[in-house]
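Since we're looking at a predicted model, the values are computed, not measured.
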Amino acid sequence: MKPFKRTVEKVLAWIANIILIVITGFLSYGSFFKVSLLKDNQEFLNLFKDELAKNPNGVNLSAEQLLDYTIQGLKMYSVLLIVLVVVALLASFLMKKRILSGILFLLLAIVIAIGTVGVLIPVYLLYFIVAIMLFVRKENPAEYQETVNYL
């Protein structure tokens with residue numbers, strides 16, 4: 001009998017990993033390097049102040065403060081996604097230990113679903129499918145494989 005392989009789980013996990021890495025890269029690059037250009041742009045800042053003056057939503061912050069808080073939030077969100085990428089890569093490389101890897105994928109699916117408010121549906125759906133497959137598909141013991149091979 002052939003050795004048990006987890007090719008389907010690996011392919012699904014790496015598809016989700018690549019999507020997550022690309023989105024994390026774009027968001028991290030934008031929040032750490034490109035947002036400061038937006039903050040220093042006086043034309044954008046004046047436009048932002050005008051829009052805040054038109055639509056007072058009960059926010060008692062100036063435009064600069066609101067922009068600073070938004071930038072800090074994006075940076076924290078980027079750091080969270082970087083940590084999730086590291087955990088996803090760890091879970092992908094630990095696929096031989098199916099229970100540990102399944103728990104990590106399940107936790108990733110839950111955190112990504114809650115953290116992205118449903119935006120990354122393909123990623124957390126694939127992680128959830130991989131976790132279920134890791135829990136359900138078990139390797140046959142060596143003794144059982146030997147008894148089946150007598151024919």
Side-chain angles (χ1 to χ4, degrees), residues 1-41 43-45 47-48 51 55 57 59 61 63-151:
M1 203 173 214
K2 293 181 184 179
F4 194 75
K5 295 183 181 180
R6 299 202 174 272
T7 307
V8 176
E9 289 94 331
K10 289 178 183 177
V11 168
L12 291 176
W14 280 105
I15 289 172
N17 287 347
I18 290 171
I19 294 170
L20 186 63
I21 288 169
V22 167
I23 290 174
T24 302
F26 281 132
L27 185 66
S28 298
Y29 179 71
S31 66
F32 285 111
F33 300 112
K34 291 298 181 184
V35 174
S36 62
L37 296 175
L38 192 64
K39 184 179 171 185
D40 296 336
N41 188 350
E43 182 181 331
F44 172 76
L45 200 54
L47 210 68
F48 191 59
E51 285 298 319
N55 301 323
N57 296 336
V59 178
L61 298 173
E64 292 86 4
Q65 289 174 330
L66 191 59
L67 197 59
D68 284 338
Y69 288 148
T70 303
I71 290 169
Q72 290 302 319
L74 281 174
K75 287 181 180 179
M76 288 191 309
Y77 192 66
S78 297
V79 169
L80 172 72
L81 284 179
I82 290 169
V83 169
L84 290 177
V85 165
V86 170
V87 173
L89 292 174
L90 181 69
S92 295
F93 289 131
L94 291 176
M95 196 82 69
K96 296 263 186 201
K97 299 176 181 171
R98 67 177 186 89
I99 299 297
L100 176 65
S101 185
I103 290 171
L104 287 176
F105 278 124
L106 189 61
L107 289 174
L108 278 168
I110 292 169
V111 170
I112 290 173
I114 292 171
T116 62
V117 195
V119 174
L120 294 177
I121 290 174
V123 175
Y124 70 79
L125 191 62
L126 287 174
Y127 283 153
F128 185 71
I129 290 169
V130 169
I132 297 300
M133 289 177 76
L134 285 170
F135 289 135
V136 172
R137 292 181 59 201
K138 298 178 184 175
E139 293 184 35
N140 295 332
E143 304 88 42
Y144 179 72
Q145 289 178 358
E146 289 176 11
T147 59
V148 171
N149 287 334
Y150 71 93
L151 290 176

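Between the R6 side chain and the R137 main chain, a donor and an acceptor come within less than 3.5 Å of each other.
Considering all non-hydrogen atoms of both residues, V130 and A13 come closest at CG2-N, 3.8 Å. The shortest non-hydrogen separation linking A88 to N17 is CB-OD1, 3.4 Å. Heavy atoms only, all atoms of each residue included: L126 and A16 are closest at CB-CB, 3.8 Å.
Annotation: Y69, atom OH; neighbour count of heavy atoms from other residues, nucleotides and ligands within 6.0 Å does not exceed 12. Shown here is F48, whose CZ atom has more than 12 heavy atoms of other residues, nucleotides or ligands within 6.0 Å.
With a 4.5 Å cut-off on side-chain heavy atoms, L45 and N41 do not count as touching. Counting only heavy atoms from C-beta outward, the side chains of V87 and L107 never approach each other to under 4.5 Å. Annotation: side chain of F128 is not in contact with side chain of L108 (no heavy-atom distance under 4.5 Å). Contact annotation: the side chain of F32 never approaches that of L74 to less than 4.5 Å [non-hydrogen atoms, C-beta and beyond].
Checked against ring pair (Phe, Tyr, Trp, His ring centres under 6.0 Å), Y29 has the following partners two or more places apart in sequence or in another chain: F33. Taking I129 as the reference, L12, L125, M133 meet the side chain to side chain contact (heavy atoms under 4.5 Å, CB included) condition, with sequence neighbours excluded.
Atom CD1 of I110 is separated from atom OH of Y124 by 12.0 Å, given to the nearest 0.5 angstrom. In this structure, CE on M95 lies 11.0 Å from CG on L90, to the nearest 0.5 angstrom. Distance CD1/I121 to CD1/I19: 12.0 Å, rounded to 0.5 Å. For the atom pair CG of L120 and CG of L84, the computed distance is 10.0 Å after rounding to the nearest 0.5 Å. Rounding to the nearest 0.5 Å gives a distance of 13.0 Å between CG of L94 and CD1 of I99. Distance OG/S28 to NZ/K34: 14.5 Å, rounded to 0.5 Å.
Contacts classified as side-chain hydrogen bond (donor to acceptor under 3.5 Å, both in side chains) and involving residues 105-117 (residues at least two apart or in different chains) are not found. A ring-ring contact (aromatic ring centres under 6.0 Å, His included) check over residues 95-120, counting only residues at least two apart or in different chains, returns the pairs F105-Y127. Within the structure, every pair that satisfies the ring-ring contact (aromatic ring centres under 6.0 Å, His included) test and touches residues 75-103, not counting sequence neighbours, is listed here: W14-F93. Within the structure, side-chain hydrogen bond (donor to acceptor under 3.5 Å, both in side chains) contacts touching residues 95-109 (residues at least two apart or in different chains) do not occur.
For the side chain to side chain contact (heavy atoms under 4.5 Å, CB included) with L20, the lone residue among I15, I112, L89 that qualifies is I112.
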